[in-house]
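One structure below.
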Amino acid sequence: QVQLVESGGGSVQAGGSLRLSCTTSTYTYNNNCLGWFRQAPGKEREGVAAIYTGGGSPYYADAVKGRFTISQDNSENTLYLQMDSLKPDDTAMYYCAAALFRTRVCIATVPHFGDWGQGTQVNVSS
């Protein structure tokens, strides 16, 4: 069973920063499309950012471009999401996920991802 374990969530004031981490197995991590998603209460899950761990340009949703940065540590099989200039609208449960199919065309669209972490909560107060 694929495991993805997120950490790093918390509560911050608007304008603050948080860094989320997602660790998984070497098999799941290597040369795979991994992404970050979020779901706010009463809203659908939405893609935030994604990256092909074998090398390529990251994908960002318009709502987070210029504020969030996705990165990776290949030695630790870990995906990161650096979140800066946080807004109250960023409040949500954040999930790490692996794509259903290994592809270099890596975009954070929910139907294309099949293995999910348990999530980490991010709260941004005004």
Side-chain angles (χ1 to χ4, degrees):
Q1 185 177 354
V2 175
Q3 281 194 316
L4 299 107
V5 181
E6 304 98 331
S7 61
S11 297
V12 295
Q13 290 189 327
S17 298
L18 284 172
R19 189 177 78 157
L20 307 183
S21 300
C22 170
T23 301
T24 186
S25 68
T26 299
Y27 176 78
T28 298
Y29 179 86
N30 285 349
N31 298 318
N32 203 357
C33 173
L34 301 180
W36 287 101
F37 298 79
R38 65 186 182 185
Q39 188 167 18
K43 294 187 177 181
E44 292 187 353
R45 191 170 297 188
E46 62 177 3
V48 174
I51 193 166
Y52 178 71
T53 59
S57 299
Y59 162 87
Y60 295 101
D62 287 344
V64 306
K65 279 181 181 176
R67 300 188 299 121
F68 290 11
T69 304
I70 190 171
S71 62
Q72 57 192 91
D73 183 337
N74 296 338
S75 66
E76 298 290 337
N77 298 339
T78 299
L79 189 71
Y80 297 103
L81 185 69
Q82 177 67 40
M83 305 186 295
D84 298 318
S85 302
L86 282 162
K87 305 175 182 179
D89 284 349
D90 295 318
T91 294
M93 184 72 81
Y94 282 71
Y95 298 90
C96 175
L100 287 167
F101 302 103
R102 296 176 187 266
T103 173
R104 291 179 178 271
V105 182
C106 186
I107 299 174
T109 50
V110 173
H112 295 156
F113 286 73
D115 295 300
W116 298 84
Q118 82 289 349
T120 185
Q121 181 68 37
V122 172
N123 295 313
V124 184
S125 59
S126 57

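If you read the sequence from its start, that first residue is 1, and numbering goes on from there.
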Taking the side chain as every heavy atom from C-beta outward, state whether [X] and [Y] have any pair of such atoms under 4.5 Å apart.
X: Arg38; Y: Thr91; answer: no
X: Tyr52; Y: Leu34; answer: no
X: Thr69; Y: Tyr60; answer: yes

message: Is it true that Thr23 and Asn77 share a donor-acceptor pair across their side chains at a distance under 3.5 Å?
response: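 There is no such pair (donor and acceptor under 3.5 Å, judged by atom type) between the side chains of Asn77 and Thr23.
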Nearest-0.5 Å distance that lies between atom [atom1] in [X] and atom [atom2] in [Y]:
X: Leu86; Y: Asn123; atom1: CG; atom2: CG; result: 11.0 Å
X: Leu79; Y: Asn32; atom1: CG; atom2: CG; result: 10.5 Å
X: Leu4; Y: Thr78; atom1: CG; atom2: OG1; result: 10.5 Å
X: Ser17; Y: Arg67; atom1: OG; atom2: CZ; result: 10.5 Å
X: Cys33; Y: Phe101; atom1: SG; atom2: CZ; result: 12.0 Å
X: Ser11; Y: Leu18; atom1: OG; atom2: CG; result: 8.5 Å

message: Here's one to test your reading of the geometry: is the NZ or CZ of Arg102 within 45 degrees of the ring axis of Tyr27 and under 6.0 Å from its centre?
response: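 Yes, a cation-pi geometry.
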- prompt: Does the cation-pi check pass for Arg19 over Tyr80, that is, NZ or CZ under 6.0 Å from the six-membered ring centre and within 45° of its axis?
  reply: yes
message: Looking only at the aromatic ring of each residue, does the gap between the centers of Phe68 and Trp36 stay below 6.0 angstrom?
response: no
- prompt: Is Lys87 salt-bridged to Asp90, cutoff N-O under 4.0 Å?
  reply: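 No, Lys87 and Asp90 are not salt-bridged.
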Shortest non-hydrogen separation from [X] to [Y] and the atoms involved:
X: Ala108; Y: Ala49; value: CB-O, 3.8 Å
X: Gln39; Y: Lys43; value: NE2-O, 3.1 Å
X: Ser126; Y: Ala14; value: CA-CB, 4.3 Å
X: Ala61; Y: Gly47; value: CB-O, 3.4 Å

- request: Please lay out, stage by stage, how Met83 and Leu20 fare under the test side chain to side chain contact (heavy atoms under 4.5 Å, CB included).
  value: CA-CA 8 Å; Met83 305 186 295; Leu20 307 183; 3.7 Å; yes
message: Can you confirm whether more than 12 heavy atoms, excluding those of Gln13, are under 6.0 Å from its CD atom?
response: no
Result of checking Thr24, Thr53, Asn74 against Tyr29 for side-chain hydrogen bond (donor to acceptor under 3.5 Å, both in side chains):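 Answer after filtering Thr24, Thr53, Asn74: Asn74.
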- prompt: Which residue, Tyr94, Tyr59, Tyr95, Trp116, forms the ring pair (Phe, Tyr, Trp, His ring centres under 6.0 Å) with Phe37?
  reply: Trp116
message: Between Gln118 and Glu6 (side chain of the first, backbone of the second, donor and acceptor by atom type, cut-off under 3.5 Å), is there such a pair?
response: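 Side chain of Gln118 to backbone of Glu6, a donor-acceptor pair under 3.5 Å: yes, one is there.
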task: Report whether Val12 and Val48 are members of the same hydrophobic cluster (ILVMFWY, side-chain heavy atoms less than 4.5 Å apart, transitive linking).
output: yes
